[in-house]
Amino acid sequence: MSKIELNDRYHYLSVDEKSVSRWYDYFGILADESTGVVLDVVEGRNQESVDSLQ
């Protein structure tokens with residue numbers, strides 16, 4: 001996945017988490033709320049994971 005360009009503008013961003021197995025493996029998701037486009041996905045659901053979303 002390509003990183004977000006600095007000149008791209010997103011006005012309605014959302015951060016969510018998703019469990020992908022019954023063993024509680026989580027992913028953090030950064031998405032454009034108005035279009036539903038996923039901008040970035042990271043493993044984990046802690047502060048460091050959210051901080052690494054770009």
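The figures here come from the full heavy-atom set of this structure, side chains too, leaving out hydrogens, waters and symmetry mates.
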Linked, directly or transitively: V37 and V15 (ILVMFWY side chains, under 4.5 Å)
yes

Rounded at 0.5 Å granularity, tell me how far CG in L13 sits from CG in D40.
11.5 Å

Taking the side chain as every heavy atom from C-beta outward, state whether K18 and I29 have any atom pair closer than 4.5 Å.
yes

One pair to check against side-chain contact (heavy atoms from CB on, under 4.5 Å): V20 and F27. What are the steps and the verdict?
CA-CA 8 Å; V20 293; F27 286 91; 3.4 Å; yes

Return the set of residues passing side chain to side chain contact (heavy atoms under 4.5 Å, CB included) with Y26 (not counting sequence neighbours), or none when no residue passes.
E17, S19, Y24, R45

Between S14 and D16: side-chain donor-acceptor atoms closer than 3.5 Å
no

